[in-house]
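In each ligand, atom 1 is the first atom listed, and ligand 1 is the first ligand listed.
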Amino acid sequence: MATNLTGTVALVTGASSGIGAATARQLAEQKASVVLVARRKDRLDDLAAEIEKAGGTALVLEADITDRAQAEAAVQQAVEHFGRLDILVNNAGLMLLGPVVGADVEEWERMIAINLQGLLYTTRAALPHLLKAAENGPRRVADIVNISSIAGRVAWSGYGVYNLTKFGVNGFTESLRQEVTQRHVRVGVLEPGGVDTELGSHNRPEIQGAMINPFYETTEVLSPDDIADGVAYMVTRPRHASVGELWIMPTDQA
Ligand code: NDP
């Protein structure tokens with residue numbers, strides 16, 4: 001049986017588009033107050049207005065979480081505003097594909113900065129508040145959901161540093177799960193296959209043409225809501241049940 005999110009606060013990174021926006025909407029529908037974090041404030045403002053129009057509660061925090069001070073400030077402001085934090089969804093991410101031979105090192109650095117460092121900074125800042133919520137919050141349990149990828153399970157040529165970051169997220173998630181699970185902070189990873197979002201659009205045109213468009217043109221991919229459903233499932237389990245890993249694929253994707 002699912003538990004209710006009434007009285008809880010959920011912070012979602014990368015809430016300005018795709019999976020993050022859909023997740024924030026769904027958690028708000030489940031009665032969590034949601035904290036929307038990303039760099040594009042106009043997008044976050046629109047989403048907050050939509051959530052509030054539907055009867056939910058949302059706080060917009062513009063932050064570049066690759067900057068440790070901004071990641072920490074976002075968590076701090078969320079807790080100052082709502083007085084607590086129960087759920088963290090580490091969703092913000094970047095996928096820049098291409099061969100390692102002759103790669104643009106700046107692209108690697110941008111992926112490592114958001115997919116790994118941003119996730120680490122936000123997690124570290126949130127943990128004391130999550131541990132407190134697990135101790136004396138309404139549910140007496142708290143959650144971290146890390147959005148990894150099928151690329152955290154399987155490596156492919158041309159995905160090198162994206163694979164590196166998502167394999168890293170999976171390893172870190174399981175280590176942290178073991179560290180805090182007996183204090184009732186559940187830590188799990190959600191690994192989507194192809195989802196219809198802006199993720200591929202950040203690649204150079206030649207990479208989009210060779211590696212991204214052919215896949216999206218021939219595959220019935222997932223919608224962001226399919227992944228948001230998974231996050232909602234993970235964070236609404238009864239206190240004694242922890243989903244450590246959830247792998248969601250388009251049926252069409254082998
Ligand atoms: P989008 O590109 O639509 O969303 C990425 C989000 O990350 C945006 O909201 C963006 O907001 C945010 N973001 C990027 N950099 C930063 C930053 N420095 N600080 C704060 N926020 C940042 O892609 P998706 O929704 O697809 O991606 C979400 C997650 O899902 C990623 O971790 C991705 O790796 C993963 N994933 C996606 C799959 C897919 O097929 N789409 C498959 C498997 C996993 P802004 O630019 O406003 O800062």
Is there a nitrogen or oxygen of [X] sitting under 3.5 Å from a nitrogen or oxygen of ligand 1?
X	answer
G14	yes
R40	yes
G20	no

In this structure, does ligand 1 have an atom that sits under 4.0 Å from one of the heavy atoms of [X]?
X	value
A63	yes
H202	yes
I147	yes
D64	yes
G193	yes
Q70	no
G118	no

Between Q30 and Q26, is a side chain to side chain donor-acceptor pair (under 3.5 Å) present by the stated rule, with each step listed? CA-CA 6 Å; Q30 307 258 356; Q26 282 231 18; 4.5 Å; no

May I ask you to identify the nearest protein heavy atom to [atom], giving residue, atom name and distance to one decimal place in Å?
atom	answer
atom 43 (C) of ligand 1	P192 O, 3.2 Å
atom 19 (N) of ligand 1	I65 N, 3.1 Å
atom 34 (O) of ligand 1	Y162 OH, 2.6 Å
atom 37 (C) of ligand 1	L199 CD2, 3.5 Å

Ignoring hydrogens and angles, tell me if any N or O in the side chain of R139 forms a donor-acceptor pair with the backbone of T6 under 3.5 Å. no

Backbone of E220 reached by a side-chain donor or acceptor of D252 within 3.5 Å: yes

Note: F215, heavy atoms under 4.0 Å from ligand 1, region reported as neither

Could you tell me whether [X] and [Y] have a side-chain N and a carboxylate O separated by less than 4.0 Å?
X	Y	value
R43	D45	no
E29	R25	no
R177	E245	no

Check whether Y121 forms a cation-pi arrangement with R124 (NZ or CZ under 6.0 Å from the six-membered ring centre, at most 45° off the ring normal). no

Side chains of L119 and N115: does their closest heavy-atom pair fall under 4.5 Å?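 A side-chain contact is absent here, since even the closest heavy-atom pair is not under 4.5 Å.
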
Tell me yes or no: between the side chains of N91 and T23, is some donor less than 3.5 Å from an acceptor?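 There is no such pair between these side chains.
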
